[in-house]
S.K.: 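This is the structure I have questions about; it appears just below.
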There are 2 protein chains.
Amino acid sequence: MNLELTPVQTVACCSPLSREPLSASEAEGIAPLLKALADPVRLRLMSLVASHEGGEACVCDLNGAFDLSQPTISHHLKILHGAGLLEREKRGVWVYYRARTDALANLAALIGGQSR
Amino acid sequence: MNLELTPVQTVACCSPLSREPLSASEAEGIAPLLKALADPVRLRLMSLVASHEGGEACVCDLNGAFDLSQPTISHHLKILHGAGLLEREKRGVWVYYRARTDALANLAALIGGQSR
DNA sequence: TTAAGACATAGATGAGTGTAAATATTTAGG
DNA sequence: CCTAAATATTTACACTCATCTATGTCTTAA
């Protein structure tokens, strides 16, 4: 149970990019989230997980979608997880990832300023 | 007058991240936009420009906000401009940048899926 | 206990990136 | 013209990053 606000949440509700200048520390908190998303493989991973049935996907479902080695996919998943964009759950031999749609929505609200 | 759709616009209208898996080429088109935003300095630059009165800011307004050299700021502005997130207009000795709020909104719609 | 499969970690490497110093370009004034 | 000011470009460098190979850990099944 994590009740702390992510760097995005502390700002997204009332201070989108265009409303007032981001402080240096706010920017340093948000940039890593964007950085995590700013890779073609990770964008596709997020999309694959988020659009997968049940809202979650096993790593075994993901590896086959790329022409990359298994450790590379694992590496990208770790980055997305570390940024708080993916949840991780181990069930038996398999590991399932689930998209943090709240984090995505907050990011979107910050950037676009008009999401709900 | 540029009537072509940006990589984001081709997708944002009906295919947010969570709706269906992003294709490799879509992801490769969108990632550079996120990459451009995924830096604390560039995030603050975007925010400074977007929230500045008149929706635009002179480079002279921006340089002072950072503890960085003028060429470094110029470099970041070039990246944001190259990604299509900032418009550039020279007036006399000064160069004014303006935020492409449409591009930001499209990005937000793609990520969050619910903006309008 | 052994073996096999799913996933993660470690180490190495080549490509990319943020920054500064030096220099160039453009514009307005004298 | 010449100079000064605003901004961009070039070059160089330290650092980060995406990727692979090799290896480790954990879980299930035989």
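Letters A, B, ... are given to chains in the order of the sequence lines, protein chains preceding strands, and every chain is numbered from 1.
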S.K.: With sugar-phosphate meaning primed atoms plus P, OP1 and OP2, does B:Tyr97 contact a base, only sugar-phosphate, or nothing at under 4.0 Å between heavy atoms?
M.R.: sugar-phosphate

S.K.: If you compare every side-chain N and O of A:Arg88 against the phosphate oxygens of C:dA8 (OP1, OP2), does one of them come in below 4.0 Å?
M.R.: yes

S.K.: Taking only the side-chain heavy atoms of B:Ile79 (C-beta and beyond), determine which of C:dG18, D:dT19, D:dT9 contains the nearest atom.
M.R.: C:dG18

S.K.: If I take atom CD in residue B:Gln70 and atom P in nucleotide C:dA24, what distance separates them, rounded to the nearest angstrom?
M.R.: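 To the nearest whole Å, that distance equals 15 Å.
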
S.K.: Taking the side chain as everything from C-beta on, heavy atoms only, tell me whether B:Asn106 gets closer than 4.5 Å to B:Leu33.
M.R.: no

S.K.: May I ask you to evaluate whether A:Lys35 reaches the phosphate of D:dT16, defined as a side-chain N or O under 4.0 Å from OP1 or OP2?
M.R.: no

S.K.: Considering only C:dT19, C:dC7, D:dT19, which nucleotide approaches the side chain of A:Thr72 most closely?
M.R.: D:dT19

S.K.: Quick one: A:Leu43 CG to D:dA18 P, roughly how many Å, whole number?
M.R.: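 Whole-Å distance recorded here is 12 Å.
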
S.K.: So do B:Asp61 and B:Val49 actually touch side chain to side chain, heavy atoms under 4.5 Å?
M.R.: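 The answer is no, as the side chains (C-beta and beyond) never meet within the 4.5 Å cut-off.
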
S.K.: Expressed in angstrom and rounded to an integer, what is the separation of A:Leu62 atom CG from C:dA8 atom P?
M.R.: 10 Å

S.K.: So which one's nearest nucleotide on DNA chain D is more toward 5', A:Ser69 or B:Asn63?
M.R.: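 Its nearest nucleotide being more 5', the pick is B:Asn63.
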
S.K.: Where the side chain of B:His76 is defined as all heavy atoms beyond and including C-beta, which of C:dG18, D:dA18, D:dA6 is the nearest nucleotide?
M.R.: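 Looking only at side-chain atoms, B:His76 lies closest to C:dG18.
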
S.K.: What nucleotide among D:dT19, C:dC7, D:dT7 has an atom nearest to a side-chain atom of A:Leu68?
M.R.: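 Of the candidates, D:dT19 comes closest.
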
S.K.: Please determine if a side-chain N or O atom of A:Lys78 lies less than 4.0 Å away from the OP1 or OP2 oxygen of C:dT9.
M.R.: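 Yes.
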
S.K.: Just wondering, do A:Leu85 and A:Ile79 contact through their side chains at under 4.5 Å, heavy atoms?
M.R.: no

S.K.: Provide the closest heavy-atom pair for B:Ala31 versus A:Asp39 in the form atom of the first, atom of the second, distance.
M.R.: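 The answer is CB-C, 3.9 Å.
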
S.K.: Nearest of D:dA8, C:dT17, C:dA28 to any side-chain atom of B:Val93?
M.R.: C:dA28

S.K.: Are A:Arg91 and D:dT27 close enough that a side-chain N or O sits under 4.0 Å from OP1 or OP2?
M.R.: no

